[in-house]
Amino acid sequence: MSLEKRINAFVQLGLFLKQFGDISKNDSLSQINGKFYDEFDDLILRQKAYNGWFTKDNVLASLMAIGDFLLEDNLKNWTENYSIKNVSEKSIGIIMAGNIPLVGFHDMLCVLIAGHHLQAKLSSNDNTLIRKIGEIIIFTEPSFTNKITFKERLDGFDAIIATGSNNAASYFHSYFGRYPHIIRKNRNSVAIINENDKADDLKNLGKDVFQYFGLGCRSVSKLYLPKGYRIDTIFEAFYDDYQDIINNNKYANNYDYNKAVYLLGNNKMLDNGFLLLKEDEGLASPVGVLYYEYYTSVDKLKKRLLEVENELQCVVSSVNTPITTLKFGEAQCPSLSDYADGIDTMQFLLGLN
């Protein structure tokens, strides 16, 4: 199967997925829609029953992001950076995470675009949408029929890509270390606040903090604030757009639990009814909690971020901050070449030859 055919199949998938964020169906997709549209629409609505974190809004946000990945120009521009020809097909095992909807899709895309065979172990938290997407890809391009396999136990693979917690990563290294591998562990994202940032400047930061309930590695879990910054500004920026997040039972349970733990431990914190702000040197804050830490100079902050760079996925800030970062609101909008942990997955896959 040619690279052109592989790209075209994913372009069609992208067009299919983008429909669910639109008002009407795409008339050019009558065959795919006739077979899959109603079933997929129902599957989106049922995700919250399978996993309480997978609300319709969050599932649609993930689907629309994937749809943007799969625009024809994006796929062609991305693949032009690699020499994808005369590939010796390998079987690539992928152990997928399940913290946010379809988080394993990018690995799936890389394996199939590179021309390899995918055998994936799905997370129990996210094992229906990705499986259905596999069916849609095969329907769109039947040559993928023998290239996509979902398994409870991986076997006969030539290389492995595994994503999990820090504890799981230790297990993966001991079990899969003899194979070519990419093994990912916990990472977090942070935001730098500038002394000139007002509430209006910070509104887009709310998306980085609250989308997917803060469960993604690209979710901002900590703020770096300039010494003396008026911290109420953070609550002012988030209140109008994100106060309803407390209506999600799983989020509310975590918020209530962490609040009780902090109160029992006499920990200092700030509370606005749906988010706890706690001064802490750590990077990974619990659900419903946002850590913060003060900095006294940009140079010292740069040094601190370099010290923990292997624990960071991304850093966001406003245009006021003299450090090159993503802008507020961009943490959850990676491009095709924004690889997890900064490891070029395509280069790894193509290098297996």
Side-chain angles (χ1 to χ4, degrees), residues 50-51 53-54 62 66 87-131 133-134 147-190 212-219 221 282-287 307-314 331 334 336-353:
Y50 301 143
N51 182 337
W53 297 114
F54 286 16
S62 184
I66 291 172
V87 174
S88 175
E89 182 178 332
K90 307 290 185 183
S91 178
I92 312 299
I94 298 184
I95 298 177
M96 294 186 177
N99 50 322
I100 66 175
L102 296 166
V103 69
F105 176 82
H106 190 270
D107 285 336
M108 178 183 190
L109 172 67
C110 289
V111 169
L112 296 176
I113 286 293
H116 293 306
H117 176 112
L118 166 78
Q119 55 166 305
K121 176 174 173 52
L122 303 178
S123 167
S124 59
N125 292 323
D126 184 20
N127 61 8
T128 55
L129 282 173
I130 197 87
R131 195 182 297 273
I133 281 175
K147 289 181 175 287
I148 301 174
T149 309
F150 298 107
K151 291 185 173 182
E152 283 301 311
R153 184 178 180 85
L154 304 180
D155 59 68
F157 49 84
D158 300 299
I160 193 86
I161 300 174
T163 304
S165 66
N166 289 347
N167 288 337
S170 297
Y171 166 78
F172 293 153
H173 274 291
S174 63
Y175 194 79
F176 300 120
R178 66 185 184 276
Y179 300 96
H181 61 264
I182 294 175
I183 294 176
R184 309 188 188 107
K185 56 183 181 180
N186 291 347
R187 289 217 175 195
N188 298 280
S189 297
V190 301
Y212 307 121
F213 299 105
L215 293 170
C217 65
R218 302 183 71 89
S219 300
S221 56
L283 293 175
S285 58
V287 173
E307 290 172 352
V308 296
E309 65 177 341
N310 290 332
E311 300 173 57
L312 296 178
Q313 191 64 51
C314 54
L336 282 166
S337 56
D338 285 328
Y339 297 102
D341 291 16
I343 301 171
D344 190 323
T345 310
M346 281 295 285
Q347 198 62 56
F348 165 76
L349 293 167
L350 295 170
L352 295 173
N353 291 330

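Please read all numbers here as calculations on a predicted model, not as lab measurements.
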Would you sort out whether Val287 and Leu215 count as a side-chain contact (heavy atoms from CB on, under 4.5 Å), showing the intermediate values?
CA-CA 7 Å; Val287 173; Leu215 293 170; 3.6 Å; yes
Can you confirm whether Ile130 sits close enough to Leu122 that some side-chain heavy atom of one is under 4.5 Å from a side-chain heavy atom of the other?
yes
If only atom types and distance count, is the side chain of Asn51 paired as donor or acceptor with the main-chain N or O of Trp53 below 3.5 Å?
yes
The reported gap from CG in Asn99 to CG in Asn125 (rounded to nearest 0.5 angstrom) is 9.0 Å
Can you list the steps and then say if Arg187 with Glu311 is a salt bridge (charged side-chain N to carboxylate O under 4.0 Å, His left out)?
CA-CA 5 Å; Arg187 289 217 175 195; Glu311 300 173 57; over 6 Å; no
Measure the CD-CG distance between Gln347 and Leu349 for me, rounded to the nearest 0.5 Å.
9.5 Å
Close side-chain approach of Leu336 and His106, heavy atoms under 4.5 Å:
yes
Are the side chain of Ser221 and the backbone of Asn188 linked by a donor-acceptor contact shorter than 3.5 Å?
no
Please round to the nearest 0.5 Å and tell me the distance separating atom CZ of Phe348 and atom NE2 of His181.
8.0 Å
Positive for side-chain contact (heavy atoms from CB on, under 4.5 Å) with Cys110, one of Ile161, Ile94, Leu350, Thr345:
Thr345
Taking the side chain as every heavy atom from C-beta outward, state whether Tyr212 and Pro101 have any atom pair closer than 4.5 Å.
yes
Geometric class of the Tyr171/Tyr175 ring pair [parallel <30°, tilted 30-60°, perpendicular >60°]:
parallel
Heavy-atom count around Lys185 NZ within 6.0 Å, excluding the residue itself: above 12?
no
What are the two closest non-hydrogen atoms of Gly342 and Gln313, and how far apart are they?
N-NE2, 4.5 Å
I need the minimum non-hydrogen distance between Gly98 and Phe54, along with the two atoms involved.
O-CZ, 3.6 Å
So, Asp126 side chain and Leu102 main chain: donor-acceptor pair closer than 3.5 Å or not?
yes
Separation of Leu352 CG from Tyr179 OH (nearest 0.5 Å)
14.0 Å
Looking at Arg184, is its backbone amide N or carbonyl O close enough to the side chain of Thr163 to form a donor-acceptor pair, meaning the two atoms are under 3.5 Å apart?
no
Working to the nearest 0.5 Å, report the span between CE of Met108 and CG of Leu118.
5.5 Å
Phe176 side chain reached by Ile95 side chain, heavy atoms, under 4.5 Å:
yes
Euclidean distance, Ile183 CD1 relative to Asp341 CG, rounded to 0.5 Å:
11.0 Å
Passes side-chain contact (heavy atoms from CB on, under 4.5 Å), Met96 versus Lys121? Steps please.
CA-CA 6 Å; Met96 294 186 177; Lys121 176 174 173 52; over 6 Å; no
Testing His116, His117, Gln119 one by one against Ser91 for a side-chain hydrogen bond (donor to acceptor under 3.5 Å, both in side chains), which residue passes?
Gln119
